[in-house]
There are 2 protein chains.
Amino acid sequence: MNNNDKKPFPPEENSRRMELVRVAARLFRDQGYERTTVRDLGQAVGLQSGSLFYHFRTKEEILVAVMALGITSTTDQLQQALALARSPREKLAALFHVHLTSLLGDNQAALEVMLYEWRSVSEEARPGLIVLRDRYEALWQEVLDEAAAAGLVKPDTRLLRRTLLGSLHWSVQWYRRDGALTVDQLADRMLELILLTP
Amino acid sequence: MNNNDKKPFPPEENSRRMELVRVAARLFRDQGYERTTVRDLGQAVGLQSGSLFYHFRTKEEILVAVMALGITSTTDQLQQALALARSPREKLAALFHVHLTSLLGDNQAALEVMLYEWRSVSEEARPGLIVLRDRYEALWQEVLDEAAAAGLVKPDTRLLRRTLLGSLHWSVQWYRRDGALTVDQLADRMLELILLTP
DNA sequence: GTCTATAGGGCGATAGAC
DNA sequence: GTCTATCGCCCTATAGAC
């Protein structure tokens with residue numbers, strides 16, 4: 001099976017392809033997409049650079065796969081957490097905890113690549129990723145609207161969504177895992193900053 | 001005069017060099033530093049690519065000059081605005097207005113490059129830029145501490161500084177100049193989101 | 001200060017053997 | 001599915017003329 005008959009964002013069931021995507025996520029995050037060569041990537045997974053092009057048509061296709069993984073797996077985690085939450089307040093907390101865990105936790109470099117490598121995505125590939133991003137942000141919007149209706153946060157929820165996501169995204173620039181705060185503590189304190197009722 | 005006898009971050013008095021930096025800022029912001037070639041830059045200023053290296057030793061030196069310009073000019077503007085402000089509340093507003101004007105206004109691509117191209121800066125060049133960034137953030141910290149003492153914002157000012165700067169930085173990803181909000185209106189509404197007393 | 005010309009190397013991607 | 005070998009291109013930076 002070659003990749004020509006794949007849908008744009010398959011569930012990455014194929015484990016070899018999935019492994020490549022995970023390794024690429026780390027390299028792209030650490031060095032940037034443009035600075036990471038296909039030779040770097042091949043070496044990191046124990047392949048010659050040419051062999052990568054059996055699994056992906058282009059280097060950009062790898063980037064798109066990384067970004068799609070980052071946003072879909074975070075969306076999945078958020079959906080699971082929201083299903084367990086039993087109040088607007090708990091749902092609100094889930095937004096912060098899932099996002100920061102995905103961004104700062106030990107498993108995921110992919111979400112960070114999603115946030116910081118948009119400029120390297122071609123016009124053709126953008127729409128598909130935007131759909132995935134919008135789906136994630138729609139979950140945020142729902143929860144924030146519910147929280148505002150319950151008097152937990154200020155009512156300007158569209159701007160609130162954008163500012164909060166900006167705050168969380170930026171945490172990768174300064175958060176240190178060996179610092180004073182755990183990821184969960186950070187999530188709690190960031191939530192506290194925007195709550196109207198302590 | 002060659003560039004070998006220049007200080008690390010001169011006031012960019014030389015107007016030819018300054019022009020190069022301004023044009024580079026726009027290209028680096030729009031295409032990214034790595035994707036922008038010295039040929040692109042030469043063409044944009046009407047020079048052959050080789051001629052650029054009379055003004056700068058390396059391409060990276062251009063990036064560093066852009067980033068230094070972005071942060072120092074924003075710091076200057078903030079200092080001027082703070083000198084005119086006559087209350088903690090006015091100072092707080094100045095933080096938002098200056099930052100967003102610098103980031104989203106018509107004159108500055110340099111600050112955006114400062115925020116998003118750190119990965120391309122060599123280890124040797126980073127410390128100098130970090131000093132400039134810390135100077136800017138120290139101004140923020142002072143004003144936020146004063147605002148917290150006056151009961152305007154929550155008291156966790158170190159985290160508040162980081163989350164607010166993240167919120168503002170992220171605005172470049174979604175703000176549209178032809179949209180419903182002017183930059184000043186946006187600054188007011190973002191400020192409103194974190195004020196304890198309306 | 002800017003030009004022409006090019007050195008010297010790295011890049012993404014392909015072809016064909018196994 | 002992976003390897004070896006390599007194509008053709010583009011990159012930053014330099015040398016020397018003007």
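Letters go in sequence order (proteins before strands), and every chain restarts at 1.
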Checking side-chain hydrogen bond (donor to acceptor under 3.5 Å, both in side chains) against R57(B), which of E61(B), H55(B), E60(B) comes through? E61(B)

Within the 4.5 Å heavy-atom criterion, are F28(A) and L63(A) side-chain neighbours or not? yes

Below 3.5 Å between N/O atoms, which protein atoms pair up with nucleotides 16-18 of chain C? Just atom names and distances, please.
none

Distance in Å, L168(A) CG paired with W170(B) CH2, rounded so as to fall on 0.5 Å steps: 11.0 Å

To the nearest 0.5 Å, what is the distance between CZ (R161(B)) and CG (L165(B))? 7.0 Å

Starting at [atom1] of [X] and ending at [atom2] of [N], how long is that distance when rounded to a whole Å?
X      : N       : atom1 : atom2 : value
L52(A) : dT14(C) : CG    : P     : 13 Å
F53(A) : dC7(D)  : CZ    : P     : 17 Å
L41(B) : dC11(D) : CG    : P     : 13 Å
H55(A) : dG12(C) : NE2   : C1'   : 17 Å

S51(A) side-chain N/O to dG1(D) phosphate OP1/OP2 under 4.0 Å: no

I need the full list of ring-ring contact (aromatic ring centres under 6.0 Å, His included) pairs touching residues 110-130 of chain A, with sequence neighbours left out, sorted by first then second residue. Y116(A)-Y116(B)

May I ask you to list the residues of residues 31-39 of chain A, by number, that have any heavy atom positioned under 4.0 Å from an atom of DNA chain D? none

Going by the rule side chain to side chain donor-acceptor pair (under 3.5 Å), which residues pair with [X] if we only count those two or more places apart in sequence or in a different chain?
X       : value
R162(A) : none
Q48(A)  : none
R189(B) : D156(A)

